[in-house]
Amino acid sequence: MAKQPVPAAPGQTGGGLLTRYRSMIISIAVFLVLLTVLMAASIFMSRNVQQDTAQLYAVSQMEKTYLDTKQYLQNMKLYENEDPNSAYSKGTLQKLKEGQAAFTRILATVRNGGTMTDSSGREITVAPLAGVEKQALLTEVDNSWKAISADIDQYADTAAMPTADSTRLDRALLNVRSKDARMIDIMDYAILDAQNTAQNRSAQLSQLQTVGIVVALAYFLIFLFYFIRRLLDSDRAAQAAKDETTEIMDTVTSGLFLLDKDLNIGSQYSKQLETLIGQKNVGGKNLLDVLGSMLNNEDLNTTYSFIKQLYNPRTKERLIRSLNPLTRQLVNIDGKEQYLDFNFNRVYKGKDISRVLVNVENVTDAVLLEQKIEQEREQNDVQIEMLSTILQADRNHVNDFVRNVNEHVQTINATLKDPSQDEAALRGKANKIFRSIHSLKGEASSLKLNGFTVMAENLENDLSRLQTKAKLSGEDFLGLAVHLEELIRLNQTIGDLVDRIGGMGGTQNTVAAAATAAAPVQSANSNRYAAFVADIAERNGKKAAFSYGGLEKTGHAQLDQAIGEIAIQLLRNAVVHGIESPETRQSRHKLPTGHVRMDLYEQDGRYHLDFEDDGQGIDYRAIADKAVRLGRYSAAEAEKLDKRSLLELLFSPGFSTLDDNTDDAGRGVGLDIIKERVLELDGKVKVASKPHAYTRFSFTFPK
Amino acid sequence: MNKRIMIVDDSNVIRNRIARGSGQMRFEVVATASNGADAVELYRQHKPDLITMDLTMPKMDGLECIYEITNADPDANILVISALSDKATGIKALQLGARGFICKPFSDEELFEALAEMMED
């Protein structure tokens, strides 16, 4: 039962109030009118009563005066024989005259109205006796009195004289006696009538007052009852409305709340809000305080500025939504990472922006789905790239690569599981893993498996960070797992792809089968090396020709694998470090295209592996400088190092003469891998070099 | 009377796109500028009903330009059309007096809606 909103035009806010309380105002007005009428009637009637009282007093006084006057007249008769000049006689006569005058005056007042003094000396107004009949009776009294009065006058004129005539007194008495009964009757009647009238009016007044009080009371009670009911009704309606809001707020699945200008959260907000933001009782709190634990200061400031702009009536709400900083907001709620969207909507009151309605939604699923789709898209891109690479590459080499990766991963896992935790052991671990990854990167690069190369590089970066860290702990290695995991998955994918392609061909069914297949592919290795050299040369702005001589393979799996790894490192070194840029070569009177040669042959019961380039030779000066830069020797010490010691340095871990890390060189790994392989296989290596002429690495391995 | 519009963007391509959109909505393009300094001067001359404003421009950037224009005319009606590098910069533009913001790249529909909304009072 929602209340109809009262339309309130600006400047007319009182209108609503008047409408809302109209019935109450009318009721009060009616009540006041009723009271006024009652009071007026009461005043009017009590004035009548007063008048009646005055009349009653006047007629009573009239009869009393008459009786007194009659008494004085009789007294005069009784003491007729006394000295008319005695004090008593004179006093009585005087009283008689006064009584006569008083009666005449009172009678006139009763007949025609007038003022007189009441018993307590107050002047009262007497209205003329109403009614024709009563006036006629009064006229009769008046006529009788006039006759009596005339007799009294005649008597009184002579009474004080010694020649007083008693007959005048007698006549007056006679006259009085003859009229007395009638006069008294009439006056009694008048008194009775006045009494009755006064009593009636009094009764009426008290009746009116009683009825008035009863009516007023009844009206008041009705009024009270009516308004209490209305109050209860409106309370009930308000409660119902509040209940509805509460139900909505409890049920709605997003976080709803209102925000005022100062960014305080309203008292009513949806229950879900507490779950979404992981905080309770946020009503009345400031939004920035609530968000404080989730956002950094910069984001908080941006949020504050954005909401302020929502309250700026000049900006267009729809056209500033793209600036909302709280979209796809990553927050940590009770240890779980969630993405939240905060949507802001202006709430208008009339034309003013009164508040902002905020709707918080958990969009984690949507965001994760988007990320997954994006990831899959990327993975698909990588797979397609891989597929095209694998289709172009020699399958045996890819198989070798997959197997090699698996072996290295096993080595890495074994290294990681090694329980030794001291600083030196941990550094050793990091270096060992780095060498494995670097070697794999080289092979991937030679097969142009770019996706794999990028992942290997990510791992290398992780490891570089470990290597430069002041203090290592076992924990630090945990971070590697993610990238290693990626690498393993990708290797799996490559294996699967090769498998399927092989399946189509019907010759090789599994990676394992491919790996053990002895069928040699003619000059596949040499082709791969040639492609690798060409690729690196192109990337480094060099020109290099590659030639290969002798055996493709020794047939000894472990040795062939080592030869592959050595070839990749040394061919890369030859192009990157050895062969000069075409311009430099020309300035040194050399052909712009450099030459790299690789030979594998069997002689004197041993395998020989030679690499030779016609580049600038080994730059011993650069090695010494780098050793100083790396802080391994002081400048003075480096000065004294012989070539052999400098070559030793070149074969040590973490040493490269290039300062920039590139895909192809500069990571300080390469020759140390070779050293490791050679030692593993009980081989030997010789290095020969001439400045601006050549560099040659010659390996011998026992059969 | 046709509504009058001024387009400020250092990219010729974007200027033409906005001009084409404005034309389709029967707005009259009274001026275009490729940098903030020109824009301030052209605004003074033409007093258009609406300005579309890029934020990154040579000579005088969009933020400074908005500041200059709204300083001279607080009722200037400015819609920022810019790549959204960070939201704080966009909000800064609003604080300086811009009224709306759309993001590059934008669709024709977005442009039409934004222009229409900016022209409402």
Side-chain angles (χ1 to χ4, degrees), chain A residues 10 259 261-263 287-288 291-292 294-331 339-348 350-353 356 358-361 363 367 370 374, chain B residues 3 5 18 21-22 25 49-56 62-63 66-67 69-71 73-121:
Chain A
L259 209 55
K261 253 192 168 76
D262 301 320
L263 274 67
L287 179 66
L288 295 183
L291 294 177
M294 309 178 198
L295 304 181
N296 61 32
N297 273 342
E298 204 185 322
D299 287 346
L300 278 177
N301 282 337
T302 313
T303 303
Y304 175 78
S305 308
F306 176 72
I307 295 172
K308 281 279 151 190
Q309 284 306 316
L310 277 171
Y311 275 107
N312 174 358
R314 286 172 53 87
T315 60
K316 306 276 182 186
E317 182 177 19
R318 232 162 43 83
L319 294 180
I320 63 173
R321 280 207 183 128
S322 57
L323 297 174
N324 176 4
L326 296 182
T327 51
R328 308 279 140 123
Q329 182 64 47
L330 178 63
V331 294
Y339 290 90
L340 298 182
D341 265 4
F342 287 70
N343 299 306
F344 298 91
N345 289 286
R346 285 172 175 170
V347 179
Y348 284 93
K351 282 190 168 176
D352 298 329
I353 302 160
V356 167
V358 189
N359 183 14
V360 188
E361 276 179 293
V363 290
V367 172
E370 276 168 27
E374 177 61 21
Chain B
K3 296 276 189 184
I5 190 166
I18 298 173
S22 304
M25 298 194 71
D49 299 309
L50 173 65
I51 313 156
T52 73
M53 177 74 64
D54 189 13
L55 288 185
T56 42
L63 288 182
I66 292 170
Y67 174 78
I69 289 177
T70 52
N71 223 14
D73 177 8
D75 290 329
N77 192 18
I78 303 175
L79 170 69
V80 176
I81 301 182
S82 180
L84 190 52
S85 47
D86 75 315
K87 291 179 179 179
T89 309
I91 294 169
K92 182 88 190 148
L94 298 181
Q95 285 170 337
L96 288 171
R99 296 188 180 190
F101 188 104
I102 60 173
C103 232
K104 287 180 194 171
F106 52 89
S107 69
D108 281 349
E109 225 139 77
E110 276 175 276
L111 178 68
F112 290 156
E113 277 174 20
L115 291 179
E117 181 139 4
M118 289 298 289
M119 287 299 190
E120 280 172 18
D121 223 38

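All values below were derived from every heavy atom in this structure, side-chain atoms included, with hydrogens, water molecules and symmetry-related copies excluded. Chain letters run A, B, ... following the sequence lines, proteins first, then strands; residues in each count from 1.
- Atom CG of B:Asn77 is separated from atom NZ of A:Lys316 by 6.5 Å, given to the nearest 0.5 angstrom.
- For A:Asp299, no part lies under 4.5 angstrom from a heavy atom of chain B.
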Quiz item: Would A:Thr315 and B:Gln95 count as a side-chain contact (heavy atoms from CB on, under 4.5 Å) if you check the C-alpha gap in whole Å, the side-chain angles of each, and the deciding distance to 0.1 Å?
Solution: CA-CA 10 Å; A:Thr315 60; B:Gln95 285 170 337; over 6 Å; no
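- In this structure, chain A has no heavy atom under 4.5 Å from any part of B:Ile78.
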Quiz item: Should A:Asn312 and B:Leu94 be marked as a side-chain contact (heavy atoms from CB on, under 4.5 Å) after you check the CA-CA gap, both sets of side-chain angles, and the distance that decides it?
Solution: CA-CA 9 Å; A:Asn312 174 358; B:Leu94 298 181; 5.8 Å; no
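- The neighbour count for B:Tyr67 OH, taken as heavy atoms of other residues, nucleotides or ligands under 6.0 Å away, does not exceed 12.
- No part of B:Glu110 comes within reach of chain A, as not one of its non-hydrogen atoms sits under 4.5 angstrom from that chain.
- Between A:Ile320 and B:Gly100, the shortest heavy-atom distance links the atoms CG2-CA, 4.2 Å.
- Here OG1 of A:Thr303 is found 7.5 Å from CD1 of B:Ile91. Values are rounded to the nearest 0.5 Å.
- The local environment of CD in B:Glu109 is sparse, with at most 12 non-hydrogen atoms from other residues, nucleotides or ligands closer than 6.0 Å.
- The environment of OH in A:Tyr304 is sparse: at most 12 heavy-atom neighbours from other residues, nucleotides or ligands sit within 6.0 Å.
- A:Gln309 CD to B:Lys92 NZ: the interatomic distance, rounded to the nearest 0.5 Å, is 10.5 Å.
- Rounding to the nearest 0.5 Å places CG of B:Asp86 at 10.0 Å from CG of A:Leu323.
- Atom NZ in B:Lys87 sits 9.5 Å away from atom OG1 in A:Thr302 (nearest 0.5 Å).
- Residue-environment remark: CD (A:Glu298) stays at or below the threshold of 12 foreign heavy atoms within 6.0 Å.
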